Amino acid sequence: QPAVQFEAISPAEQRAVSHCAGIQILLPSGVKVTRRYFPDLPIHVIGNAVEIPDWQADLGREKDRYRLVCVGTVNPNKNQKLAVEAFASLADSFPDWDVELWGKADERYTHPIREYIKKQGLTERVFLKGLTKDVEKDIYKRADLFVIPSKREGFPLSLTEAMAAGFPAIGLRTCPGVNELIRDEETGFLVDETVSAMADAMARLMADRGLRIRMGTAGREAVKIYEADKIWDQWETLLAKTAAESRKE
């Protein structure tokens with residue numbers, strides 16, 4: 001993801017890459033930045049492979065508890081505190097909803113979050129769940145809504161997994177990667193990085209089962225362009241073409 005990674009590229013790395021036959025990036029939004037760094041290289045856009053599960057989230061099922069989930073290392077860039085604060089402003093209005101934060105925790109970041117959860121009286125509603133070896137069973141087969149409040153991403157695996165399973169998603173409109181995978185008002189919502197904006201989007205989806213189903217289904221269809229077989233075919237085509245052109249030189 002050029003917008004995230006190329007800021008840190010060294011002159012030596014830039015010189016080395018400039019001798020390559022081409023450069024692959026994950027999303028179309030990165031083309032402009034890539035051309036600034038590598039004006040003479042062919043640019044190939046190939047996303048990450050996404051496994052589409054053979055099941056889809058049953059968002060129409062009545063449940064005693066509904067779950068809003070975040071998946072990813074709990075740290076300042078992943079920005080889970082924003083989601084927790086937004087939910088806290090809604091908790092009284094949605095007493096049958098809980099929040100689960102999944103992922104390895106940066107304790108310096110999570111300590112104030114834990115204290116905030118206690119202060120808000122939400123220790124039985126907001127959970128830092130840590131790691132799991134069974135993402136499908138423990139997270140996606142129990143969830144109802146996916147939130148990714150990250151500030152910067154490349155091609156976020158957790159988001160594509162959630163969309164492939166049929167969940168609507170909420171992310172930041174300023175976050176690279178996220179703002180290209182989520183189609184605002186179609187597969188979820190892109191919001192400003194404020195508690196009120198995040199809370200408004202959460203509330204719309206938490207209050208409307210039909211909207212969750214429609215957006216979740218649309219998201220599942222949207223990420224099918226990244227199905228594994230399609231991505232591997234793109235790579236095979238690119239590698240064969242590059243090899244053939246090399247033999248001509």
Side-chain angles (χ1 to χ4, degrees), residues 26 47-84 86-87 94 96-107 109-111 113-114 117 122-150 152-171 175 177-178 181-182 187-188 202 205-206 209 212-213 215-232:
L26 292 167
N48 283 340
V50 176
E51 294 292 340
I52 309 295
D54 58 7
W55 58 272
Q56 182 171 347
D58 183 8
L59 300 183
R61 180 165 58 93
E62 291 282 350
K63 301 168 68 174
D64 292 331
R65 309 297 302 171
Y66 297 89
R67 295 177 179 87
L68 183 159
V69 300
C70 296
V71 180
T73 304
V74 186
N75 63 30
N77 178 61
K78 299 294 185 182
N79 200 24
Q80 288 93 341
K81 185 171 183 285
L82 176 65
V84 173
F87 178 77
F94 295 93
D96 54 351
W97 280 80
D98 299 325
V99 171
E100 294 182 354
L101 309 181
W102 288 89
K104 183 179 180 181
D106 175 340
E107 288 303 324
Y109 179 69
T110 56
H111 178 72
I113 294 178
R114 294 180 194 276
I117 292 168
L122 294 173
T123 54
E124 300 301 316
R125 303 278 306 279
V126 180
F127 306 95
L128 279 81
K129 303 288 285 186
L131 299 172
T132 175
K133 294 183 178 180
D134 194 335
V135 172
E136 183 177 295
K137 176 177 177 289
D138 291 341
I139 304 176
Y140 295 120
K141 284 198 171 180
R142 298 170 58 253
D144 299 277
L145 173 58
F146 186 83
V147 175
I148 180 166
S150 300
R152 294 161 69 95
E153 290 281 355
F155 191 105
L157 176 61
S158 65
L159 173 59
T160 54
E161 285 178 342
M163 293 176 70
F167 295 104
I170 303 171
C175 180
V178 169
L181 290 167
I182 296 176
T187 65
M202 285 181 180
L205 284 163
M206 291 160 70
R209 184 194 310 272
R212 295 198 299 273
I213 294 170
M215 286 188 163
T217 300
R220 182 177 169 91
E221 288 301 312
V223 296
K224 284 183 177 179
I225 63 172
Y226 302 111
E227 283 183 296
D229 286 348
K230 294 177 182 177
I231 294 299
W232 304 143

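As the structure is a prediction and not an experimental result, all values here were calculated from the model.
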Checking [X] now: which residues fulfil side-chain hydrogen bond (donor to acceptor under 3.5 Å, both in side chains) with it, not counting sequence neighbours?
{"X": "Glu227", "result": "Lys230"}
{"X": "Arg152", "result": "none"}
{"X": "Gln80", "result": "none"}
{"X": "Lys81", "result": "Glu85"}

Euclidean distance, [Y] [atom2] relative to [X] [atom1], rounded to 0.5 Å:
{"X": "Arg212", "Y": "Met206", "atom1": "CZ", "atom2": "CE", "answer": "8.5 Å"}
{"X": "Ile213", "Y": "Leu205", "atom1": "CD1", "atom2": "CG", "answer": "11.5 Å"}
{"X": "Cys175", "Y": "Ile148", "atom1": "SG", "atom2": "CD1", "answer": "6.5 Å"}
{"X": "Lys224", "Y": "Met163", "atom1": "NZ", "atom2": "CE", "answer": "12.5 Å"}
{"X": "Lys104", "Y": "Asn75", "atom1": "NZ", "atom2": "CG", "answer": "10.5 Å"}
{"X": "Asp144", "Y": "Phe167", "atom1": "CG", "atom2": "CZ", "answer": "7.0 Å"}

Between Arg65 and Asp96, does a salt bridge (Lys or Arg N to Asp or Glu O under 4.0 Å) hold up when you go through it step by step?
CA-CA 5 Å; Arg65 309 297 302 171; Asp96 54 351; over 6 Å; no
Provide the closest heavy-atom pair for [X] versus [Y] in the form atom of the first, atom of the second, distance.
{"X": "Gln56", "Y": "Gly166", "result": "CG-CA, 4.2 Å"}
{"X": "Ala143", "Y": "Leu59", "result": "O-CD2, 4.2 Å"}
{"X": "Val99", "Y": "Phe87", "result": "CG2-CG, 3.4 Å"}
{"X": "Ala228", "Y": "Glu51", "result": "CB-OE2, 3.6 Å"}
{"X": "Thr187", "Y": "Ala222", "result": "CG2-CB, 4.2 Å"}

Counting only N and O atoms by type, is there a donor-acceptor contact under 3.5 Å from the side chain of Asn79 to the main-chain atoms of Pro149?
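Answer holds: yes.
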Report yes or no: does Ser158 contribute a side-chain atom to a donor-acceptor pair with the main-chain N or O of Val71 at less than 3.5 Å?
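Pair found, side chain donor or acceptor close to backbone of Val71.
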Checking [X] now: which residues fulfil side-chain contact (heavy atoms from CB on, under 4.5 Å) with it, not counting sequence neighbours?
{"X": "Pro53", "value": "Trp55, Ala164, Ala165, Arg220"}
{"X": "Leu26", "value": "Gln24, Asn48, Phe155"}
{"X": "Ala169", "value": "Phe146, Leu159, Ile182"}
{"X": "Ile231", "value": "Ile46, Ala49, Tyr226, Gln234, Trp235"}

Selection residues 66-75 - residue pairs positive for salt bridge (charged side-chain N to carboxylate O under 4.0 Å, His left out), sequence neighbours left out:
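Listed once each, the pairs are Arg67-Glu100.
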Can you list every pair that meets salt bridge (charged side-chain N to carboxylate O under 4.0 Å, His left out) and has a residue in residues 154-171, with sequence neighbours left out?
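Salt bridge (charged side-chain N to carboxylate O under 4.0 Å, His left out) check on residues 154-171 returns no pairs.
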I'd like a table of donor-acceptor pairs (distance under 3.5 Å, sequence neighbours excluded) in which one partner is a side-chain atom from residues 126-133, with atom names and distances.
{"residue": "Thr132", "atom": "OG1", "partner": "Asp134", "partner atom": "N", "Å": "3.0"}
{"residue": "Thr132", "atom": "OG1", "partner": "Asp134", "partner atom": "O", "Å": "3.4"}
{"residue": "Thr132", "atom": "OG1", "partner": "Asp138", "partner atom": "OD2", "Å": "2.5"}

Using the ring-ring contact (aromatic ring centres under 6.0 Å, His included) rule, collect all pairs that involve residues 56-81, keeping only residues at least two apart or in two chains.
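Qualifying pairs, neighbours excluded: Tyr66-Trp97.
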Do Glu153 and Leu181 touch side chain to side chain, with heavy atoms closer than 4.5 Å?
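Glu153 does not reach Leu181 side chain to side chain.
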Is there a side-chain contact between Arg142 and Lys137 (heavy atoms, below 4.5 Å)?
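The answer is no, as the side chains (C-beta and beyond) never meet within the 4.5 Å cut-off.
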Does the side chain to side chain contact (heavy atoms under 4.5 Å, CB included) test come out yes or no for Asp106 and Thr73, once each step is laid out?
CA-CA 7 Å; Asp106 175 340; Thr73 304; 5.6 Å; no
Does the pair Leu101 and Thr110 meet the rule for a side chain to side chain contact (heavy atoms under 4.5 Å, CB included), with working shown?
CA-CA 11 Å; Leu101 309 181; Thr110 56; over 6 Å; no
